[in-house]
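Heavy atoms only: backbone and side chains are in, while hydrogens, waters and symmetry mates are out. Fair warning: this is a prediction, and the values are worked out from it, not measured in the lab.
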Amino acid sequence: MNNDVFTFLVGGKAGEGVKKAGSVASHIFSSMGRHVFQMDDYMSLIRGGHNFSVISTAHRWISSHYMKANLVVNFDKRSCETHVNDIAENGIMIFNSDEQELENGIGIPLTSEAEKYPMKNLMFGVGAVAILAATIGFEKEEMNQIIKDEYPRGIENNIEFASTIYDIVYPDCGNKFFLEKGDRERPIITGNEAISLGAIAGGLDVYYGYPMTPASTILHTLAREAENFGLAVVHAESEIAVINMAIGSAFTGARAMVGTSGGGFALMTEGLSLAGITEAPVLIILSQRPGPATGVPTYTEQADLAFALSAGHGDFLRIVASPTTVREAYYLTAEMLDLVWKFQTPGILLTEKHLSESSMTVEIDLEKSKWAEPKMYKDGNYKRYQDKDDGISPMLFPPSKKIIKWNSYEHDELGITTEDAKKISFMHDKRNKKLETLIDYLKEQQIVKIIRGENNSNIFTYGSTYMSVLEALRCGSLNPTTVAPIYLNPLPIWELKEFKNQDNIVIEQSSTGQFTKLLKEKAGLNVRNTIKKYDGRPFDPLELSMKIKEVLE
Amino acid sequence: MNNDVFTFLVGGKAGEGVKKAGSVASHIFSSMGRHVFQMDDYMSLIRGGHNFSVISTAHRWISSHYMKANLVVNFDKRSCETHVNDIAENGIMIFNSDEQELENGIGIPLTSEAEKYPMKNLMFGVGAVAILAATIGFEKEEMNQIIKDEYPRGIENNIEFASTIYDIVYPDCGNKFFLEKGDRERPIITGNEAISLGAIAGGLDVYYGYPMTPASTILHTLAREAENFGLAVVHAESEIAVINMAIGSAFTGARAMVGTSGGGFALMTEGLSLAGITEAPVLIILSQRPGPATGVPTYTEQADLAFALSAGHGDFLRIVASPTTVREAYYLTAEMLDLVWKFQTPGILLTEKHLSESSMTVEIDLEKSKWAEPKMYKDGNYKRYQDKDDGISPMLFPPSKKIIKWNSYEHDELGITTEDAKKISFMHDKRNKKLETLIDYLKEQQIVKIIRGENNSNIFTYGSTYMSVLEALRCGSLNPTTVAPIYLNPLPIWELKEFKNQDNIVIEQSSTGQFTKLLKEKAGLNVRNTIKKYDGRPFDPLELSMKIKEVLE
Amino acid sequence: MEDLKTGAEITWCPGCGNFGIFTAIRNAIPILEEKGIKRENVVITAGIGCHAKIFDYLNLSGIYGLHGRNCSNSEGIKIANPDLKVINFSGDANGLAEGLTHTMFAAKRNQDITFILHNNSVYALTTGQFSPLAEKGWKGPSTPRGSYEEPFNPMSLMIEAGATFVARSFAGDIKHLTDIMVQGVEHEGFSFIEVLQPAVPYHKWAEYRERVEYLEKEPETYFEAIKAAKEKHKFTIGVFYRTTRPVYHKELYDDHNPVTQKISREIRLDKIRKFLSDK
Amino acid sequence: MEDLKTGAEITWCPGCGNFGIFTAIRNAIPILEEKGIKRENVVITAGIGCHAKIFDYLNLSGIYGLHGRNCSNSEGIKIANPDLKVINFSGDANGLAEGLTHTMFAAKRNQDITFILHNNSVYALTTGQFSPLAEKGWKGPSTPRGSYEEPFNPMSLMIEAGATFVARSFAGDIKHLTDIMVQGVEHEGFSFIEVLQPAVPYHKWAEYRERVEYLEKEPETYFEAIKAAKEKHKFTIGVFYRTTRPVYHKELYDDHNPVTQKISREIRLDKIRKFLSDK
Ligand SMILES: Cc1ncc(C[n+]2csc(CCOP(=O)(O)OP(=O)(O)O)c2C)c(N)n1
Ligand SMILES: Cc1ncc(C[n+]2csc(CCOP(=O)(O)OP(=O)(O)O)c2C)c(N)n1
Ligand code: SF4
Ligand code: SF4
Ligand SMILES: [Mg+2]
Ligand SMILES: [Mg+2]
């Protein structure tokens with residue numbers, strides 16, 4: 001076990017404030033100047049079942065939760081059963097003694113204490129915070145301040161309850177863990193918040209969505225911020241409406257974005273193709289969950305990659321990129337918004353539940369974010385699809401006395417429908433030119449993350465799995481080279497060439513190894529082994545480090 | 001020019017019976033015991049514009065029309081302008097002298113003659129048939145019989161008109177062409193008819209469609225035959241309804257098929273994924289036209305290949321195959337219907353306008369067609385998703401006292417929703433096993449068409465382009481090895497291995513070379529050159545043979 | 001399993017209105033059995049949402065479909081094997097947002113299926129966004145300032161679309177609901193049953209109980225039905241409309257059943273031979 | 001180009017009803033200009049079908065969208081830049097089959113767009129299949145024995161959905177149609193205009209001309225409107241319903257316009273800084 005990391009796990013029923021307790025814990029750690037990673041595991045239900053949050057914190061940048069926790073707080077029996085093996089060496093488990101008796105662990109009469117208060121169902125979370133506060137040596141005043149800030153409803157009761165719990169735990173494990181303070185407090189955000197903010201920073205004007213886990217919280221975040229930033233945020237009647245509304249908005253010059261998961265994305269593919277031929281700039285956030293079909297809505301997977309890469313009928317350019325960290329999700333969203341406008345073609349930001357809904361401390365240099373600007377029409381005759389060496393026709397938006405026609409049929413430069421053989425291949429060629437322009441552009445950007453190591457093997461990964469891999473390598477003290485392409489289409493093969501015949505290992509979350517195939521097939525990479533996980537759960541760094549070790553040996 | 005081939009081209013406005021005249025010509029040739037290939041070129045409109053049909057006929061099997069025609073009949077000026085370069089050496093062009101005067105060609109007062117009859121708009125086609133009859137030396141009686149059979153409305157007028165035209169042309173070019181008779185008459189069918197019949201032969205029970213060129217005529221053919229074969233054929237409200245209705249029907253044990261083109265297919269991808277996880281046997285006919293989006297509805301292209309191969313979110317098996325000839329479309333449809341039922345997974349029969357809507361003489365051994373039969377549940381506990389070594393769970397259909405649950409969520413063997421980590425990966429593994437079973441099965445089948453040649457180069461192609469290629473090789477007297485995989489997923493790499501490092505040329509109809517990429521990336525094939533065409537038109541064998549020659553040299 | 005329950009863990013919130021629907025359907029099935037409808041002939045479909053979890057709990061065969069698309073599954077089942085009785089469970093987002101077109105066309109076709117709409121006026125499973133039946137001004141996570149849309153009126157909407165049995169019931173009135181379900185399944189044609197279904201995180205049972213009212217008299221004409229649908233408040237329960245017209249599958253092929261009366265391979269090949277010889 | 005025509009070849013059949021619609025809209029635009037609506041503020045969208053070819057012919061900016069989806073394009077345009085006046089051309093399959101949900105929701109939202117439905121009661125461009133407005137029994141290539149479905153009633157359907165201006169006109173009565181179009185565009189809210197549009201391969205003009213009738217009096221209440229929609233035959237032209245309620249984009253953000261009043265990068269970054277500091 002990594003002893004620079006402290007992990008807190010809190011588990012209970014949906015509706016008992018598990019996630020909230022988790023994020024209060026995260027804020028406690030971040031307020032201590034520490035780095036934090038929080039993963040929320042929840043079922044597709046509203047009340048009951050079993051949810052838990054795991055927060056790992058360290059004095060240095062940390063990019064994954066650890067499943068072995070130093071402090072486990074379980075609200076109910078089911079939680080105890082689930083997490084019986086999740087206790088780190090020297091860790092402690094605190095359980096609800098009103099629900100059961102246990103040998104290993106410290107029982108607390110959570111239910112009976114909570115029942116003394118009118119909002120009894122909302123007390124458990126407060127209790128978990130109190131337990132954490134006691135074990136990491138917070139004074140009661142400090143704790144009370146946090147409770148006040150974070151649980152503003154029924155403050156007095158909350159403080160009283162917290163105090164009771166604090167007093168119960170203190171004798172057994174008060175001050176048990178010492179957490180060193182860090183340099184400064186950092187904001188904690190989820191991947192979806194990073195995406196939302198990145199989009200706003202990049203110039204977002206309108207967002208369309210239809211709720212779908214794990215993308216829904218982009219809709220929610222943006223809806224909340226709509227007034228503040230002057231955006232239109234619309235929950236439409238279906239994903240088909242969503243993508244076509246976005247294209248309508250793009251026609252007026254509005255920077256439009258949409259977000260969904262696999263099923264909704266499938267419904268958008270005709271619209272994606274429409275964006276291809278109309279050369280409509282539109283950015284789609286595709287946050288993956290295990291498929292096929294409805295699959296496992298609240299868990300994580302990376303099995304929509306192949307679909308995303310060639311979604312939509314016909315030949316056209318789809319830009320596909322996947323952020324490796326929450327911080328990068330911010331920059332990349334702004335960058336993708338810029339790219340789709342620069343290249344007038346649809347883009348897909350591919351991510352996963354694990355990035356979308358996990359939260360972590362981030363440091364973001366806002367000024368570094370891109371601002372989406374298209375090439376604009378200046379003067380002369382206006383032709384919407386004017387042929388240019390780089391394939392990119394200057395844009396113009398209504399109202400204008402010039403005629404601007406976007407056309408779903410094959411068309412001439414003016415945007416008028418054509419069935420003429422020459423014009424058909426001409427316009428294919430015109431659009432196809434954009435790929436080369438894009439590659440030239442991307443060659444100037446840093447679009448593959450490479451960390452040079454000492455081993456003779458390289459680890460390839462992408463998306464949020466990158467975070468798991470980095471943490472696994474650190475906790476396993478392993479030092480291979482790690483390579484994570486951010487752009488998946490076009491795949492930066494020019495950057496991957498050097499690894500071609502080396503000893504390459506891939507780590508990904510797809511049962512058929514979609515990323516492995518991509519690397520082998522598109523980049524011609526020799527891949528010796530793929531470490532896969534496809535049970536809906538993200539990798540645990542400890543387990544993963546052992547697997548990597550095995551493979552590297 | 002190939003002088004074993006005779007080509008007839010007839011052109012005019014939509015609504016003037018151009019296509020009908022073409023197919024009457026085809027029947028004349030087939031009734032002479034000759035082989036025929038007919039390609040109909042039409043615009044996306046109902047009346048006017050310019051349509052034409054080209055029929056090439058030979059004494060041997062012929063697999064393409066030729067654009068250089070021996071006899072060209074133009075109903076109007078536009079047609080003359082369009083086809084001015086489409087006349088073969090020693091060919092003749094007959095034009096409508098009421099519309100224009102021309103030096104090269106024989107003018108006939110088609111309009112003024114037709115105007116003598118009440119149904120004047122329908123006379124042009126009859127005239128074209130009369131011209132053909134005269135030039136190939138038919139007696140008037142023979143001609144009249146054909147007119148009677150084929151134009152049953154207003155027979156007397158038709159015969160009188162035909163006779164007039166016959167008499168006008170005869171002096172100039174009566175008996176000009178001698179067409180040798182062949183051994184026996186063969187039926188002429190379109191690719192879509194072959195698909196419809198193949199499906200019926202394979203056990204089709206229900207067909208759902210939403211009109212979309214070039215797949216609509218499957219819906220029309222099957223609707224016409226529904227009563228005869230006891231099928232349900234339904235024109236539903238959208239392609240989304242179509243695919244989900246098909247899955248509903250499959251649940252009852254009905255062999256279900258749907259058909260569409262790229263845009264409708266895009267809308268079906270969520271349902272495709274549903275078929276993946278529910279393990280619903282459903283066959284989708286995807287007949288391609290130029291994309292993206294609405295593209296060029298009545299023309300041909302092969303640019304939906306990459307999309308078809310990975311359509312639908314999540315990891316699941318999609319069987320994708322593409323027929324190379326009209327005859328094969330019959331067998332392959334039945335075979336695919338069988339395969340989707342054997343493997344309980346969705347299948348896509350990928351084809352193009354050029355195959356769907358072209359017609360040719362075929363010889364089909366009906367007895368050879370497959371009959372779709374699933375592995376059925378026998379006894380014991382029934383579990384819809386029972387794990388088996390081959391990944392295939394026995395089937396059972398309602399009404400039954402056993403409970404049969406098909407589930408869009410990840411599920412256990414009974415079909416009950418699960419979010420359990422172990423069960424999720426277990427069910428992924430269970431489904432993934434089917435790929436290997438399928439590959440083992442396909443290894444026993446002939447699924448790549450290989451014609452061994454003498455050149456040192458190989459030509460790779462697929463779908464209807466295969467027909468163009470064969471004809472091009474013949475007319476150019478070229479003799480490379482040609483290889484056409486019928487199955488595209490799984491791609492039969494075991495059969496392609498031997499060609500890996502040879503000199504390979506690919507011929508396809510996609511501007512980005514999607515098939516080339518597939519061969520390079522999945523099969524690791526060395527590809528020296530790709531001959532592409534993406535103007536919506538099929539290859540002309542003569543032109544193509546010249547291109548091949550260039551490349552081979 | 002005589003009480004029609006599977007062993008699946010029930011994950012509805014305690015107090016969820018779906019329990020009432022679950023109970024009512026389990027009451028209705030034995031009554032239908034008494035009336036001669038065999039249990040094995042009853043199949044169910046569900047969309048995606050809280051409502052749809054009934055699929056896992058109810059020990060009947062069927063399809064747990066996509067969000068918004070199970071109505072098409074239902075139609076496909078009925079068309080392929082008209083012997084089956086299809087009960088289609090839908091949420092209000094499932095059936096009236098994502099899936100609106102399918103619901104409308106199933107009504108238009110008078111498909112002989114029973115469509116049960118769990119009206120909780122929210123997207124419950126995805127954490128409470130406003131739905132097509134939510135009151136204007138409803139604050140959910142996608143409409144923090146309140147929704148801007150007027151809700152549909154499911155009764156008049158379905159009458160307009162062509163449903164031939166249109167009723168509203170209440171998850172808190174098991175007897176009424178059971179009875180309506182039985183009538184709906186027995187009715188030949190498209191039966192649409194809206195069920196007022198409180199979702200406890202978003203509504204209070206008490207408000208429902210206070211406001212629920214019975215329609216005094218079943219309307220007899222189309223205009224009476226529309227008037228009742230429009231003028232009665234939305235907690236009015238009862239049968240709003242009942243009429244008869246031909247059902248889709250009978251129009252399609254009278255009494256033929258493509259699955260049970262499948263034409264053999266031999267006969268098919270003969271007919272194809274004939275088809276080809278005419279070509 | 002003063003007559004609002006592009007140079008594109010017109011490929012409608014000679015005698016097509018779409019010519020009438022084309023003429024009427026070209027008449028309507030100058031009238032609207034006189035009333036203060038700038039021509040450059042008018043944008044159009046079209047779906048896919050014969051009707052949609054008007055996109056190529058009409059010299060106005062806009063989007064030629066997907067089959068069934070242009071209504072969503074229209075909504076997206078209006079939401080992003082409410083200064084624009086959107087005229088949405090749709091076929092009956094486009095707007096009431098493939099795209100029904102979008103049409104219904106645009107009406108529900110009272111989106112301030114003008115929806116022109118070219119009602120030729122067939123899928124004309126795809127060779128004449130029965131459509132959602134085709135009479136039952138209509139024989140097209142997908143229904144050789146006659147269709148099995150009762151048609152929708154576009155007037156009552158759109159009133160039900162929430163449209164605030166619902167009218168029918170006739171492609172053969174340019175004056176009436178022009179006038180209705182002008183009224184439709186001027187109306188603030190969702191204007192639905194059904195245009196009886198004969199398609200010559202499938203219908204006879206004479207039958208239309210004989211049967212077309214004017215609605216004597218514009219209905220004044222909702223029930224009058226419904227009665228007129230249901231009781232008058234389907235060749236009755238006129239305004240069936242007109243009412244006012246808030247339009248969607250104003251509900252969304254009063255008079256804000258996200259495109260013309262875009263918040264600058266600097267202000268955005270400041271606000272994001274603030275957002276992050278609270279996190
Ligand atoms: C294509 C698609 N889009 C979105 C979702 C996500 N989703 C799951 S349930 C649901 C809403 C459910 O609302 P409703 O149908 O009213 O059912 P309830 O939960 O209220 O019973 C949504 C949007 C999905 N599964 N598929
Ligand atoms: C997704 C999709 N499905 C099908 C089509 C094919 N299609 C083109 S036009 C059309 C029907 C047009 O009917 P309607 O909207 O009534 O227009 P009309 O031609 O009658 O004016 C169809 C089905 C398509 N383009 N896209
Ligand atoms: S959220 Fe509402 S509908 Fe869903 S289970 Fe809870 S009470 Fe029932
Ligand atoms: S088919 Fe009908 S709608 Fe289409 S152009 Fe011809 S007349 Fe017009
Ligand atoms: Mg609901
Ligand atoms: Mg129409």
- prompt: Step by step, would you call D/Tyr248 with C/Glu149 a side chain to side chain contact (heavy atoms under 4.5 Å, CB included)?
  reply: CA-CA 8 Å; D/Tyr248 190 78; C/Glu149 300 182 26; 4.2 Å; yes
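Listed for the C/Lys108 side chain is a donor-acceptor partner under 3.5 Å among the backbone atoms of D/Glu150.
The distance from atom OG1 of C/Thr143 to atom CD of D/Glu251, rounded to the nearest 0.5 Å, is 12.0 Å. The CD1 atom of D/Ile226 sits 8.0 Å away from the OG atom of C/Ser156 when rounded to the nearest 0.5 Å.
For D/Lys136, the part sitting under 4.5 Å from any heavy atom of chain C is the side chain, from C-beta outward, and nothing else. With a 4.5 Å cut-off on non-hydrogen atoms, C/Phe152 touches chain D through its backbone and its side chain both. When heavy atoms are compared at a cutoff of 4.5 Å, D/Pro246 approaches chain C solely by way of its side chain, counted from C-beta outward. Interface remark: C/Glu231 contributes side-chain atoms only to the contact with chain D (heavy atom separation under 4.5 Å). When heavy atoms are compared at a cutoff of 4.5 Å, C/Asn110 does not approach chain D at all.
Around CZ of D/Arg211, the count of heavy atoms belonging to other residues, nucleotides or ligands within 6.0 Å does not exceed 12.
Minimum interatomic distance between C/Asn153 and D/Glu160 (heavy atoms only, all atoms of both residues): O-OE2, 3.8 Å. Residues D/Tyr148 and C/Leu252 come closest through the heavy atom pair CE1-CD1, 3.3 Å.
With C/Phe223 as the aromatic partner, D/Lys230 does not meet the cation-pi criteria of under 6.0 angstrom to the ring centre and within 45 degrees of the ring axis.
Among D/Gly146, D/Pro151, D/Pro132, D/Gly99, the residue making the largest number of heavy-atom pairs under 4.5 Å with chain C is D/Pro132.
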